[in-house]
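Written out below as structure tokens is the structure these notes cover.
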There are 2 protein chains.
Amino acid sequence: MARLDLLKFMPFRLSRLAAEVSTALSSEYIEQYGIDVPQWRVLATLGFREEPCSAQFISQCTRTHKSTISRAVTELLKNKLIERVANADDRREFRLQLTAKGTRLYEELIPRLLRREQDMLSCLSVQERKDFATTLGKIEASLDLVQTSQQAKAKAAY
Amino acid sequence: MARLDLLKFMPFRLSRLAAEVSTALSSEYIEQYGIDVPQWRVLATLGFREEPCSAQFISQCTRTHKSTISRAVTELLKNKLIERVANADDRREFRLQLTAKGTRLYEELIPRLLRREQDMLSCLSVQERKDFATTLGKIEASLDLVQTSQQAKAKAAY
DNA sequence: GCCAGATAGTTTCACATGCAACTATTTTGC
DNA sequence: GCAAAATAGTTGCATGTGAAACTATCTGGC
């Protein structure tokens, strides 16, 4: 009879690990700034990219449902952490960018989150971390998870 | 100015990967058997362990909230996939076990899920898989995620 | 033996999220 | 140039989940 040890089953382990890591990390911005995970993803995308982005773009590259992004954007606008400008070329679309306040928050948050990430990986050697990242990359690629705006467009064109 | 590429940020990558893997996998039992993830976790625990388990035990070793497990158990009982027997030693607790029907479903499901897991890891060499599992184990251990019934009890005793 | 606190399990509540329908706009095919 | 299809974004709805309150039972201190 086939048996399966849940604790050694990769999908379960990933799910459990991701949940734990996410909880540990999000406490950093939820408690202190009242920002939730979708809002953080919007800020992270806008802070990293140079130019303003559309909600659609953020949705695609964070792989977060567009309604979730829409609600996160609404909240961030209300708190004046981001602002949006109409796009003359396409009036369905808005360009989103960080406000000065949003940029300050972003710059305050990033070093702390990067430190937390390093803390969580501190149980690994430098080589192990590299290998782990590489392996994750292979799995992501095989599941077609590596989504850039270019690929998103290419896909849509299919 | 510190920047953070979400696509290279481990917490985000784990979250995205876990979600994708979970969706890909759960279609195997959701569509065909109408079983959701918490229900699957209950079945997997009961099928793997020899003896009947309490809901509490399942909750701890799957790290799933007890109310979620409670609801999954209710549903599984309704569908006669598991049964519960009163525990004479402690009448607050019920011992849960698979019914014949539940065992059949379990035995049908396991090989298919294991095959899916292997498919998802097929992009890795044997050595890479081993290393990946080892690395996950280290991170889990450092986050104190490796929960056995013994550890759970030891913790509770603190 | 009894009472306070712990524990197993259930249920209520609040809330986050995905889906689908919707509006407004743009693009495509003819 | 116009109708049909596609797209950006919003919103209503259904559902799943965690926190907390609750019931029933057990345990430990005295």
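All values below come from the heavy atoms of this structure, side chains included, with hydrogens, waters and symmetry mates left out. Residue numbers start from 1 in every chain, and the chains themselves are labelled A, B, ... in the order their sequence lines are given, proteins ahead of strands.
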Atom-to-atom span, CD1 of A:Ile69 to P of C:dA16 - whole angstrom:
15 Å
Shortest non-hydrogen separation from A:Ser122 to A:Arg129 and the atoms involved:
CA-NH2, 3.7 Å
Test your reading of the model: is there a side-chain donor-acceptor pair from B:Thr68 to the backbone of B:Thr64, 3.5 Å cut-off?
no
Give me the ring orientation class for B:Trp40 and A:Phe9: parallel if the planes are under 30° apart, tilted from 30 to 60°, perpendicular past 60°.
perpendicular
Under 3.5 Å, is there an N or O donor on one side and an acceptor on the other linking the side chain of B:Arg92 and the base of C:dT7?
yes
Is any side-chain N of the basic residue among B:Lys138 and B:Glu140 closer than 4.0 Å to the acidic one's carboxylate O?
no
Check the distance between C:dC15's P and A:Ile30's CD1 and give it to me in whole angstrom.
14 Å
Taking A:Arg41 for the side chain and A:Ile69 for the main chain, is one N or O donor matched with an acceptor at less than 3.5 Å?
no
At under 4.0 Å between heavy atoms, which parts of nucleotides 13-21 of chain D does protein reach? Answer with one letter per nucleotide, 5' to 3': B base, S sugar-phosphate only, - none.
----BBB--
Do A:Arg71 and A:Pro38 come within less than 4.5 Å of each other through their side chains, counting heavy atoms only?
no
Please report, rounded to the nearest Å, how far the P atom of C:dA16 is from the CZ atom of A:Arg41.
15 Å
Rounding to a whole Å, what distance do you find between B:Phe94:CZ and C:dT10:C1'?
10 Å
What's B:Arg84 touching, base or sugar-phosphate or nothing? Going by heavy atoms closer than 4.0 Å.
sugar-phosphate
Nucleotide D:dG9, atom C1' - distance to CD of A:Gln56 in whole Å
8 Å
With a non-hydrogen cut-off below 4.0 angstrom, is A:Thr74 in contact with a base, only sugar-phosphate, or nothing?
nothing
Rounded to whole angstroms, how far apart are CG on A:Asp89 and P on D:dA8?
14 Å
May I have the distance from B:Ile82 (atom CD1) to C:dG9 (atom C1'), rounded to whole angstrom?
13 Å
Grab the CD-C1' distance between B:Glu93 and D:dT27 for me, whole Å please.
14 Å
For C:dA8 and B:Arg91 - does any side-chain N or O of the residue sit under 4.0 Å from the phosphate oxygens OP1/OP2?
no
Quick one, B:Glu51 with B:Arg95, criterion salt bridge (Lys or Arg N to Asp or Glu O under 4.0 Å). Give me CA distance, side-chain angles, the key distance, then yes/no.
CA-CA 9 Å; B:Glu51 326 102 38; B:Arg95 294 313 185 87; over 6 Å; no
